[in-house]
Visitor: 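Can you read through this structure? Questions will come right after.
Basis for what follows: all heavy atoms, side chains included, without hydrogens, waters or symmetry-related copies.
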Amino acid sequence: MNQDFPFTIREVAELLGLHIRHKNTVSLDVDCPFCGDRKGKLNLNLKKNVFKCNRCGESGGMLALYGKIYGLDNQTACKEIKDALGRNEQAPVYEVKRREIKPEAEPEVITLEQAPDEVKHKTYTMLLNQLTLTETHKEGLLKRGFTEQQIERNSYKSTPVFGFRSIARRLLEAGCVLEGVPGFYEEESGEWSIHFTAKSSGFLVPVRNIEGFIVGMQIRLDHPYDGRKYMWLSSVNYNKGTSSGSPTHLAGEPGAKTVFVTEGPLKGDLSYALSGKTFGCVPGANQYANLPAFLSEMKEYGTEFVYEAYDMDKLLKPVCRGDYNEKCRYCPQYHKDWRNTVILCEKKQIKRQNIQRGCKKLAGICRELSLPGKSLTWDTDEDGDWAEHVKGVDDYLVSLERNK
């Protein structure tokens, strides 16, 4: 089919301005112009030049993709596509249909409240005791700056690839409770299992509360996707499953007089290991729901001062350099002379604003708790923006160690 036409379905999609949600070498997932889906349910097969919407069922070839939108036959659609591509023009504006799709009946999913922290800690501890850490993951942690003793003490373990029901069965036999522990759920057969998938392969990072109990697990992914390097071990959408709750992690001493707040349990663990300073770790700069209670409890234990130590993206220079992510090459600015001209990057500006919003929220929480604080920066240029050499506080501490 590729030889029959001087264009591909990708070019037709670009001509129509279809919003891409996911992509790989053989297909694109885009928003559907036929039913109005905005989650990328319309799949474009780049090899076969065909499409199908997994929501409304509309399907066909690339001429039909164009023709069905404008009510044209294939011959007319082909002519209009070639004319528009030849003039380097966009297709005419069209109205996206809002086709109603009756939802399929789904079995009722029972979601459980979280178990007490002591219960979660016992179950997670027993789970980690059943797992191992692969040499690949161990080498990666050593390269980050951890010692072997710190890796063992922090109980990092690789995610299993099979035997989930067997693991759950052994935990039950050992007297562990699985109800209400994020990541565990009950299958249709009545057997308990753990929500691990091929997509979530990586290593587990235990998340501990102020008492030192393991109250959650993050997974550092082997293969990040959709901009995500980490995900929670959760079973919220599974029968008798539970949400992670995105708890705040403590790396260091409860009630330390000075606490540094940063993003991510693993970042906090390494920063504590390198500096001996205590770190409170939120999942992300704008995931602060559990932070007020955490800082309030730390204050009761004796904390007197808080440093904000979020990543230096908070001072990311919002200029185009074609380096924001893999989508840069589709941006109109990418083809301009951004090497010699200052061109503002909207994506970087939004990211900077989002992180600064988290910084302001942390400052507001500290004011409400009457905890004095200060924002930390490093690796800045003459304008006070991030120089883009050292991003996280852990990276900064590693660089100090290497320069000694």
Side-chain angles (χ1 to χ4, degrees), residues 117 144-146 150 154 205-218 220 229-230 232 244-316 351-380 384 386 390-400:
D117 289 348
R144 283 176 182 265
F146 287 103
Q150 290 162 349
N154 292 337
V205 180
V207 176
R208 301 176 186 272
N209 66 7
I210 293 176
E211 287 73 33
F213 293 137
I214 302 175
V215 294
M217 295 272 201
Q218 270 200 338
R220 176 52 168 96
K229 294 181 180 179
Y230 295 86
W232 287 102
S244 69
S246 301
T248 301
H249 172 66
L250 176 65
E253 303 303 320
K257 287 191 176 182
T258 301
V259 173
F260 297 76
V261 176
T262 191
E263 308 165 56
L266 189 64
K267 189 190 302 290
D269 284 347
L270 181 54
S271 300
Y272 170 60
L274 293 170
S275 68
K277 307 294 185 181
T278 293
F279 285 79
C281 313
V282 294
N286 281 294
Q287 293 179 276
Y288 42 72
N290 295 308
L291 191 55
F294 172 84
L295 290 177
S296 177
E297 191 174 356
M298 288 290 282
K299 182 181 178 182
E300 291 178 7
Y301 275 89
T303 294
E304 299 175 357
F305 197 90
V306 176
Y307 280 105
E308 172 265 299
Y310 290 153
D311 287 355
M312 285 301 292
D313 296 42
K314 61 195 174 192
L315 295 179
L316 176 66
K351 184 169 187 177
R352 175 171 171 149
Q353 290 172 347
N354 284 340
I355 299 178
Q356 289 187 357
R357 189 181 303 117
C359 297
K360 291 176 181 177
K361 184 64 180 180
L362 172 57
I365 293 170
C366 289
R367 283 194 300 271
E368 292 174 5
L369 296 174
S370 298
L371 274 172
K374 184 179 180 180
S375 178
L376 290 182
T377 59
W378 51 89
D379 187 34
T380 55
W386 177 32
V390 182
K391 182 180 179 183
V393 64
D394 56 334
D395 302 320
Y396 172 66
L397 292 168
V398 168
S399 68
L400 291 181

Visitor: Search all heavy atoms of Gly145 against all heavy atoms of Leu270 and return the closest pair with its distance.
Guide: C-CD1, 3.7 Å
Visitor: Donor-acceptor check, side chain of Asn290 to backbone of Gly245, threshold 3.5 angstrom: yes or no?
Guide: yes
Visitor: In terms of heavy-atom contacts, does NZ of Lys277 have more than 12 from other residues, nucleotides or ligands at under 6.0 Å?
Guide: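 Atom NZ in Lys277 is not packed in, count stays at 12 or less.
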Visitor: Specify the closest pair of heavy atoms between Ala309 and Thr262, including all atoms of both residues, with the distance to one decimal.
Guide: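 Result for this residue pair: O-OG1, 2.9 Å.
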Visitor: Can you list the steps and then say if Val393 with Trp378 is a side-chain contact (heavy atoms from CB on, under 4.5 Å)?
Guide: CA-CA 8 Å; Val393 64; Trp378 51 89; 3.8 Å; yes
Visitor: Using side-chain heavy atoms (C-beta onward) and a distance below 4.5 Å, is Leu250 in contact with Pro254?
Guide: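 Leu250 reaches Pro254 side chain to side chain.
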Visitor: Test: salt bridge (Lys or Arg N to Asp or Glu O under 4.0 Å). Region: residues 248-272. Which pairs qualify, not counting sequence neighbours?
Guide: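 Every pair satisfying salt bridge (Lys or Arg N to Asp or Glu O under 4.0 Å) with a residue in residues 248-272: Lys267-Asp311, Lys267-Asp394.
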Visitor: Kindly indicate whether the side chain of Asp313, heavy atoms from C-beta on, has any atom under 4.5 Å from the side chain of Lys391.
Guide: yes
Visitor: Does this structure show an ion pair linking Glu304 with Lys299, if we count only N-O contacts that are shorter than 4.0 Å?
Guide: no
Visitor: I would like to know whether Asp117 and Asn209 meet side-chain contact (heavy atoms from CB on, under 4.5 Å); could you show each step before the answer?
Guide: CA-CA 9 Å; Asp117 289 348; Asn209 66 7; 3.1 Å; yes
Visitor: For the side chain of Arg352 and the backbone of Leu316, is there at least one donor-acceptor N/O pair under 3.5 Å apart?
Guide: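 Present.
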Visitor: What is the distance from atom OG of Ser246 to atom CG of Leu291, rounded to the nearest 0.5 Å?
Guide: 12.5 Å
Visitor: Mind checking the NZ-NZ spacing from Lys314 to Lys360? Nearest 0.5 Å is all I need.
Guide: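 Going from NZ on Lys314 over to NZ on Lys360, the span is 13.5 Å.
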Visitor: With a 4.5 Å heavy-atom cut-off, do Thr377 and Leu315 have their side chains touching?
Guide: yes
Visitor: Once rounded to the nearest 0.5 Å, what's the spacing between atom CD1 of Ile365 and atom CD of Glu308?
Guide: 12.0 Å
Visitor: Would you say Thr303's side chain and Met298's backbone share a donor-acceptor pair under 3.5 angstrom?
Guide: yes
Visitor: Is any side-chain heavy atom of Phe260 closer than 4.5 Å to a side-chain heavy atom of Val306?
Guide: no
Visitor: About how many Å separate CG of Leu266 and OH of Tyr230, when rounded to the nearest 0.5 Å?
Guide: 4.0 Å
Visitor: Provide the closest heavy-atom pair for Trp232 versus Ser244 in the form atom of the first, atom of the second, distance.
Guide: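 Smallest interatomic distance, heavy atoms only, reads CG-OG, 3.3 Å.
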Visitor: Phe294: which residues meet the ring pair (Phe, Tyr, Trp, His ring centres under 6.0 Å) condition with it, sequence neighbours left out?
Guide: none
Visitor: Around atom OH of Tyr396, are there more than 12 heavy atoms of other residues, nucleotides or ligands at under 6.0 Å?
Guide: no
Visitor: Going by heavy atoms in the side chains, are Phe305 and Lys374 under 4.5 Å from each other?
Guide: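 Yes, close enough: below the 4.5 Å cut-off.
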Visitor: Under a 3.5 Å threshold, yes or no: a donor from one side chain and an acceptor from the other, between Trp386 and Asp379?
Guide: yes
Visitor: Taking the six-membered ring for Trp and the single ring otherwise, decide whether the centroids of Phe279 and Tyr272 are under 6.0 Å apart.
Guide: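 No, they do not, as the ring centres are separated by 6.0 Å or more.
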Visitor: Might you point out which heavy atoms bring Gly264 and Cys281 nearest each other, and give the distance in Å?
Guide: O-CB, 3.5 Å
Visitor: Provide the closest heavy-atom pair for Val207 versus Pro247 in the form atom of the first, atom of the second, distance.
Guide: CG1-CG, 3.8 Å
Visitor: Do Thr248 and Val261 come within less than 4.5 Å of each other through their side chains, counting heavy atoms only?
Guide: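 Sidechains of Val261 and Thr248: no contact.
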Visitor: Judged by atom type as modelled, is there a donor-acceptor pair below 3.5 Å linking the side chain of His249 to the main-chain atoms of Arg208?
Guide: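 Side chain of His249 to backbone of Arg208: a pair is present.
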Visitor: Do you know the tightest heavy-atom contact between Ala251 and Gly268?
Guide: CB-O, 3.5 Å
Visitor: Find out whether Val282 and Tyr310 are in side-chain contact, i.e. whether some heavy atom of one side chain is under 4.5 Å from a heavy atom of the other.
Guide: yes
Visitor: With heavy-atom distances below 4.5 Å as the criterion, would you say the side chains of Thr258 and Thr278 are in contact?
Guide: no
Visitor: Will you find, in the side chains of Asn286 and Asn354, an N or O donor that is under 3.5 Å from an N or O acceptor?
Guide: no
Visitor: Once you round to the nearest 0.5 Å, how far does OG of Ser275 lie from CG of Leu400?
Guide: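 That separation rounds to 10.0 Å.
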